[in-house]
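All remarks here apply to the structure that follows.
Worth saying up front: this structure is predicted, and the values here are computed from it rather than measured.
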Amino acid sequence: MNDELAAQLETLHRDAFGWALHCCSGDHSRAEEVLQNAYVKVAGGTAAHGATAAFKTWWFGVIRFTAREEWRRVRFRESLLGRLVQLVSGAQDNFDPQPSPARRLELSEETQHLRRLLAELPARQAEVLHLVFYQELSLTEAAEVMRVSVGSVRQHYERGKQRLRTLYETSPETLAHGRS
């Protein structure tokens, strides 16, 4: 890996971890593993940036693809066939999809509330909102990361904002605290 590539990756590390965390449904250890595997892909030349997309857009696409690979691998381990292979090979399944109690306490009440509301959105809507608001990507860049059309992203974006607004305004936590 050349110095320029390393510098670009370093400047995006914080945002990349946030995106990996989103792609892993808030599971910090899995997000760390996904991000590390994405770095390995880039360092090993398995993933190389082409001139067709902005660097950040390309990098987030690599992370998303890597997270999906990890998800499929985890699903296989959890399947009956995967459990049989583990039993025969002697491997142990240490996957814990829930964050530790200490980590849950670190999250603020409002963050937990918004995460619960985002989790109620369809997956595509949640992805678009995360890319646009947390990662500050344009709708066009989000479309490239998600590998869908810009029109589809616009529709998921508008529907996601409206649905999140409705969920927020009608949620018991919001009404109890008088935040609407």
Over all atoms of both residues, closest heavy-atom pair of T66 and N37: CG2-CB, 3.7 Å
Distance-only donor-acceptor pairs under 3.5 Å for side chains of residues 119-128, two or more places apart:
{"residue": "E127", "atom": "OE1", "partner": "R64", "partner atom": "NE", "Å": "3.2"}
{"residue": "E127", "atom": "OE1", "partner": "R64", "partner atom": "NH2", "Å": "3.0"}

Give a yes or no answer on whether the side chain of S152 reaches the backbone of V148 with a donor-acceptor pair at less than 3.5 Å. no
Can you check whether F65 reaches R68 side chain to side chain, under 4.5 Å on heavy atoms? no
Output the distance between atom NE2 (H22) and atom CG (D27), rounded to the nearest 0.5 Å. 14.0 Å
Could you check whether the rings of F17 and H28 sit parallel, tilted or perpendicular, using 30° and 60° as the cut-offs? tilted
Any non-hydrogen side-chain atom of C23 less than 4.5 Å from a side-chain atom of V34? no
Supply the atom-to-atom distance L35 CG to L9 CG, rounded to the nearest 0.5 angstrom. 9.0 Å
Are Q8 and L12 packed together at the side-chain level, in the sense that at least one heavy-atom pair is separated by less than 4.5 angstrom? no
I'd like a table of donor-acceptor pairs (distance under 3.5 Å, sequence neighbours excluded) in which one partner is a side-chain atom from residues 54-62, with atom names and distances.
{"residue": "K56", "atom": "NZ", "partner": "Q135", "partner atom": "O", "Å": "2.5"}
{"residue": "W58", "atom": "NE1", "partner": "A48", "partner atom": "O", "Å": "3.4"}

Any Q162 side-chain heavy atom under 4.5 Å of E158 side chain: no
To check you understand the geometry: which heavy-atom pair defines the closest contact between C24 and A67, and what is its length? SG-CB, 4.4 Å
Identify which one of L131, V145, L139, L137 satisfies the side chain to side chain contact (heavy atoms under 4.5 Å, CB included) criterion when paired with V153. L139
Are Y39 and H13 close enough, and set up right, to give a side chain to side chain contact (heavy atoms under 4.5 Å, CB included), and what steps lead you there? CA-CA 10 Å; Y39 281 126; H13 179 73; 2.6 Å; yes
Name all pairs fulfilling the salt bridge (charged side-chain N to carboxylate O under 4.0 Å, His left out) condition that reach into residues 32-44, sequence neighbours left out, sorted by first residue then second. E33-R73, K41-E69
